[in-house]
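Read the structure below first, then the notes.
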Amino acid sequence: MLTDGIPAGQFVFGGTGGDFSGEWKSCPRIPPQARGGLVGAGGATHHTSMRCSPLLCSILLAASVAGGTALAAAPAQQAGAADPAPLDGRSSRSDYVLRARLDESKLLEGEMELTWTNRSGEPVQDLWFHLHLNAYANNLSTHLYESRGLLGGVKKESGWGYQEVTGISVDGADVLPTLQFRHPDEERDADRTVISVDLPAPVAPGETIRVDLEWRSQVPRVRRRTGHHGDFLLMSHWFPKLGVYEAGRGWNCHQFHMNTEFYADYGTYDVTLDLPGKYAALDDETKKIVFKGAATGELVEAPKVSGGRVQVRFMAPSEADRGYVDPVTQSSGTQLSPLVHGFAWTADPDFYVYEKRFEFAQWAEEHHSEVQAAAIAFQRPLEEIQLRDVDVTVLMQPERAAQAERHFDATCAALFFYGLWWGEYPYSHITCVDPAWGASAAGGMEYPGIFTAGTRMFTEQAMHRPEGVTVHEAGHQFWYGLVGNNEYEAAWLDEGFNSYTDSEVLFRHYGLRRGATWYAGLPEWGVAPAPAPSMDLFDVPLGSYVGRLVGKQTPDWLRGIQLQPLRLSGFHKWWRDQPRLTFVEQHDDTRWTDRSGYLRSPDVDPIDTVAFRHLDRPSYSTNSYPRTAAALRTLAGVVGRDAFLRGMRGYSERWRYRHPYPEDFYAAFVEFSGADVDWYFEDVFRGNATVDYSVRVRQDREPEFLGLARVDGEWVEPSDEPVEEPQDEEPDSSEEDPQASVEDEAAGDGSEDEDAEDSPAPRARRFDVVVQRKGTLRLPLTVQVNFDDETAETFTWTREAQAESTWWRIPIPSREAAIASVILDPDRVYYLDGDMSDNQWYAAPDSLAPMRWGERVWTRYAHLFQWASTLGG
Amino acid sequence: MDTNQDEIPAREGWVFTAAIRSCAGRLGIWGVMTLLLALLASVLAMPAAEWMEGTVGSRYAPGQVSAGLDTVFRADHGGAMRRLSQGQVASAVVLQVLALLLGVFAAGGWLQVTLERKSGKTLRRFLFGGSRYFLRYLRVALLALAVIALFRWALYGLPWKALVLDGMLGVPKSDWGRLESLDSELLVRRLGWIQDGTMALLFALTMAWAVYTRTRLALHDSRSVLWAGGCTALSILRHPIQTLRPLILLLFTEALVVVGICGLATDFFDGRLTAQPSAWWVLALGATGLFALAWREILRGARYHAAVSVSRQVVKPTLRPDPWRVIGGPGGPQYPVDDDLDERYGVAL
């Protein structure tokens with residue numbers, strides 16, 4: 001049975017009925033129906049916290065008994081409530097009103113009115129803000145220092161940006177003199193990405209303050225995530241952003257590290273932008289002025305154009321969404337309206353705008369079985385897991401406009417599958433952005449209600465490009481947007497969960513990814529079966545030779561002359577390779593590519609590592625993305641897919657509009673899945689346990705009796721017939737090459753079959769099937785033994801048995817039929833297995849594969865050499 | 001097979017079809033060349049097949065990795081595959097140089113056979129010609145590579161960057177590598193296609209020039225590669241259509257057969273192999289590759305056959321006495337060699 005609740009330990013929740021302050025107590029799990037809604041729709045400015053007294057806890061607990069299950073539907077009690085609940089000590093509320101003006105030199109001046117409600121349960125003495133753009137102010141910022149001055153492979157030497165607070169007051173009191181730069185993670189004076197100001201008076205729990213702030217920024221040339229390139233603008237991290245105050249930990253406001261992204265309070269945004277007039281255009285069809293851009297939320301009114309400038313105003317969530325009751329929270333009884341924890345915007349005069357609507361009914365029809373499966377897993381009626389329709393805007397670069405529909409389709413795929421599994425996308429609108437040429441560093445990023453993809457010309461859908469990145473970034477609306485984990489400390493909670501899901505979506509909706517090779521920017525299906533020889537041999541560094549002769553006076557242009565006759569151009573390389581004749585098809589299952597990625601760095605750091613504390617970027621990338629995905633997929637294999645979906649859905653619902661940490665995920669998953677898998681989280685997420693199973697097989701005939709038998713008290717020869725030599729002498733199993741044993745067995749069998757005509761009855765076969773565990777993680781292992789008489793037997797090697805021994809000789813009684821194959825984990829659910837090549841054994845070796853690959857390599861090189869020979873004559 | 005190569009119809013019909021017909025009949029020559037290239041490739045293919053045999057063993061279901069190597073296989077054997085590839089690359093460099101030298105040899109052989117006014121067995125004459133012109137044609141090959149290197153430098157090096165990127169498009173030097181300051185991906189792609197297309201064209205022109213240079217060297221029995229190359233360039237400039245048309249048509253023919261027919265056949269056989277793994281489909285694929293290889297060898301000969309036909313029209317005869325009209329073979333005084341006679345002197349090297 002599934003039950004909802006909140007983490008034990010502390011319990012505070014907001015309400016309207018006055019102060020119920022009491023002692024911080026450990027509180028039993030409270031059913032959602034008993035929690036009550038929270039007031040403050042839209043921009044609520046005052047809030048009262050209510051602490052759980054023992055008496056109240058008892059009442060709520062009693063209510064929980066009658067309250068039903070967590071994932072069961074609960075009737076809406078109060079529409080339009082807009083605050084996350086229950087409180088967890090890190091769910092304060094930040095509502096922003098921003099006004100910004102950008103000039104042609106990309107200098108931005110802004111004003112902010114921040115309304116902050118302290119819901120941490122603790123009095124707060126100061127305020128900490130991120131100034132993200134200062135990461136790009138110099139090469140000694142934490143961000144650039146960690147990346148060794150490289151952003152996206154480019155040495156950052158120009159296009160610097162900065163952010164400066166020019167005024168700040170709290171409830172009318174000027175606090176600018178108290179401003180100081182902070183370095184919570186490491187001392188680095190040149191880093192200016194975190195500031196704090198002292199408050200005139202502590203903010204009591206439940207109290208709301210108003211912060212007025214003025215700032216000025218130079219928008220950097222985009223080299224990572226945010227900035228401009230020409231007229232293209234992708235503005236994230238663009239305003240001073242309050243950190244998150246956490247009870248017991250204080251301000252969680254990290255320096256802007258290389259491997260970190262977001263962490264902020266949920267709230268609302270009302271943003272007015274004053275931009276150069278080129279970002280407005282007259283729509284040919286409607287004859288109305290349109291804004292060539294988009295942002296989190298939706299435009300409040302038509303753009304205003306005057307004096308060569310355009311003014312646009314966005315609200316996030318949109319006005320309509322602020323009155324919408326999120327049905328996911330409705331299910332869990334909290335009845336919240338959507339909130340967001342960030343605001344990003346983009347503009348480009350060249351944008352090609354493509355608009356279309358995601359319609360759930362259409363997708364549900366196409367993927368009917370998936371809807372059914374989800375309903376069964378969640379034990380809910382179909383109508384309860386249906387999703388709202390969403391307006392999708394795709395902003396494409398003109399030369400890639402033909403791919404707009406593909407971006408739309410991929411966005412819909414994410415809205416559908418993620419929504420089906422993890423809960424509805426609750427906003428009415430979403431925007432997908434294709435960054436301009438030269439601004440690819442802005443691509444592949446997620447922001448609330450808006451995300452950037454990334455593509456190139458001439459891609460095909462079968463390549464999953466841009467489908468892969470589009471599904472992933474759209475998927476972040478769920479993992480990151482709606483479940484707002486701390487990306488500085490636990491990036492894997494969104495990146496890894498998202499990687500898991502996007503692979504599932506890509507496989508289900510697009511199938512296998514087809515490999516291609518690019519020539520002159522044009523794709524050719526297939527990949528080379530063997531590499532072409534290097535052409536370096538023919539290179540002549542002529543300039544270098546001349547330089548040695550002439551000395552230091554050699555001009556650079558002369559010194560740079562390189563003669564490289566056989567560094568081929570794209571078209572010529574195609575002619576040399578003859579891909580249609582010599583290449584092979586290659587297909588990838590995206591779910592298994594997660595495993596391939598994981599194996600690149602399987603045990604350097606645990607998954608559950610603070611993002612900026614990994615050994616290096618590869619370790620961060622592997623752990624945060626594919627390793628987490630492979631671990632989750634294996635977890636699904638351990639607990640079963642339905643239980644897995646319930647566990648993940650329960651976690652997603654409980655922590656919607658809130659800030660979970662890893663332990664919150666572990667607890668929620670165990671609770672909602674009903675599976676006791678704490679050991680798995682400990683070994684796989686907090687540890688570096690590895691998985692590697694293998695099997696070896698030997699089979700031969702039972703031997704003839706040789707020697708003396710005890711008959712009537714005497715040792716006698718059992719027969720006068722000549723004694724046969726044993727056909728198969730069992731070699732030492734510990735040292736035998738399994739492959740060799742197969743050959744022995746095959747030879748033995750053949751000779752015996754010939755003898756069988758003379759024998760009265762063939763002797764039964766005996767089997768020696770040994771399963772070994774080489775990894776440190778113990779997973780319940782299924783072993784399927786198939787016999788050549790079409791029968792099969794299935795065995796399970798339990799975790800408990802594996803604790804006693806690292807190997808297991810499977811007790812298979814002698815029988816006439818021979819083993820045709822032995823397969824470990826026949827359903828292929830353990831994606832963490834480091835070497836799957838020894839997870840199966842077949843009696844009949846594959847003789848075709850060597851022939852096939854020999855032929856491909858031969859054809860490849862024969863034609864490469866033919867091409868080389870034409871150079872000679 | 002008796003084929004009188006002296007009966008080359010210079011103005012009758014298409015030069016390139018006559019060249020193909022003539023060379024296709026010389027099974028001994030293109031057969032040997034195909035075999036030699038196939039042997040070179042086998043040096044690398046055999047270890048690959050052996051590795052695959054050892055790797056697959058009894059660990060994969062029959063047919064499981066025949067059509068393609070799936071994600072799991074490539075992950076499990078990624079390290080071994082990388083090592084195999086490294087070994088292949090190292091060996092292939094050496095074999096590639098051998099192939100290049102084989103091409104030098106083949107050019108001399110084909111020209112010898114094409115120019116000789118005799119019929120009968122031709123393989124021995126092919127070997128003789130290959131040996132005879134080897135050093136001269138090696139110099140032609142090196143000169144051609146040098147010319148290509150200069151073209152490449154002009155198109156991808158400083159001249160292109162300074163004139164086109166900086167001068168015409170205003171791309172700053174710091175952006176020459178990434179071209180991010182250009183307006184769109186389309187513009188960058190088009191620039192790339194102009195570069196790549198021009199380079200491919202110049203490469204092909206250089207190869208055509210080299211063919212005619214070798215032919216001129218053989219026709220005049222001269223030794224100065226530079227002089228012959230210069231004269232050839234002038235000839236091509238004076239008669240571009242006459243000289244280049246047959247070679248272009250041969251190139252199209254090669255593309256039609258190798259990319260078109262053999263490419264489609266490969267697609268078909270590969271599809272069948274995926275659907276129904278069988279050794280027959282593998283053999284069909286190998287046969288297709290072998291046929292394409294043989295066809296390309298035939299066309300190598302056809303290029304020289306066509307070049308001889310055209311050169312006889314556009315290249316002035318040498319003022320020196322034509323030695324093979326006197327003696328019966330190119331290359332100066334030597335003993336008459338005739339395959340039909342039981343000559344005992346073999347190939348004069």
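FYI, side chains are in, hydrogens and waters are out, and symmetry mates aren't considered; it's all heavy atoms of this structure. Each chain gets a letter, A, B and so on, in the order its sequence line appears, and its residues count up from 1.
Heavy atoms closer than 4.5 Å to chain A are found nowhere in B:Val147, neither backbone nor side chain. No part of B:Thr55 comes within reach of chain A, as not one of its non-hydrogen atoms sits under 4.5 angstrom from that chain. Looking at A:Arg456, the atoms closer than 4.5 Å to chain B (heavy atoms on both sides) sit in the backbone and in the side chain alike. Heavy atoms of A:Thr593 lying under 4.5 Å from chain B belong to its backbone as well as its side chain. In this structure, the portion of A:Ala532 lying under 4.5 Å from any heavy atom of chain B is its backbone and not its side chain. Both the backbone and the side chain of B:Leu285 come within less than 4.5 Å of a heavy atom of chain A. In this structure, the portion of B:Asp183 lying under 4.5 Å from any heavy atom of chain A is its backbone and not its side chain. Residue B:Ala38 touches chain A through both its backbone and its side chain, counting heavy-atom pairs closer than 4.5 Å. The contact between B:Val72 and chain A is made by backbone and side chain atoms together, counting heavy-atom distances below 4.5 Å. Residue B:Phe151 does not touch chain A at all, counting heavy-atom pairs closer than 4.5 Å.
A:Tyr831 is linked by a ring pair (Phe, Tyr, Trp, His ring centres under 6.0 Å) to A:Trp592, counting only residues two or more places apart in sequence or in another chain. For B:Phe291, there are no ring pair (Phe, Tyr, Trp, His ring centres under 6.0 Å) partners, not counting sequence neighbours.
Interface check for chain A: of the options B:Leu179, B:Thr206, B:Leu155, B:Val211, the most heavy-atom pairs under 4.5 Å are formed by B:Leu179. Chosen from A:Arg856, A:Arg513, A:Lys573, the residue pairing most often with chain B at heavy-atom distances under 4.5 Å is A:Arg856. For the options A:Arg828, A:Arg567, A:Arg600, A:Gln562, heavy-atom pairs under 4.5 Å to chain B are most numerous at A:Arg567. In terms of heavy-atom pairs under 4.5 Å with chain B, the best-connected choice from A:Gly521, A:Ala436, A:Gly597, A:Ala520 is A:Ala520.
The six-membered or imidazole ring of A:Tyr519 lies away from that of B:Trp193, with a centre-to-centre distance of 6.0 Å or more.
Here the straight-line distance linking atom OG of B:Ser174 with atom CD of A:Glu157 works out to 8.5 Å at 0.5 Å rounding.
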Under 3.5 Å, sequence neighbours excluded: what are the donor-acceptor pairs made by side chains of residues 60-69 of chain B?
from, atom 1, to, atom 2, distance (Å)
B:Tyr60, OH, B:His77, NE2, 2.8
B:Gln64, OE1, B:Ala61, N, 2.9

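Although no hydrogens or angles enter the test, the distance criterion places a donor-acceptor pair under 3.5 Å between the side chain of A:Gln840 and the main chain of B:Arg59. The backbone N or O of B:Gly289 lies less than 3.5 Å from a partner atom in the side chain of A:His863, making a donor-acceptor pair.
For the residue pair A:Leu563 and B:Ala149, the shortest heavy atom distance occurs at CB-CB, 3.8 Å.
A cation-pi arrangement is present between B:Arg296 and A:Trp575 under the rule of less than 6.0 angstrom and at most 45 degrees off the ring axis.
Proximity to chain A at a heavy-atom threshold of 4.5 Å picks out B:Ser85, B:Gln88, B:Val89, B:Ala92, B:Val93, B:Leu95 from residues 85-95 of chain B, in numerical order.
For the pair B:Arg303/A:Thr870, a side-chain contact is recorded, criterion being any heavy-atom separation below 4.5 Å from C-beta on.
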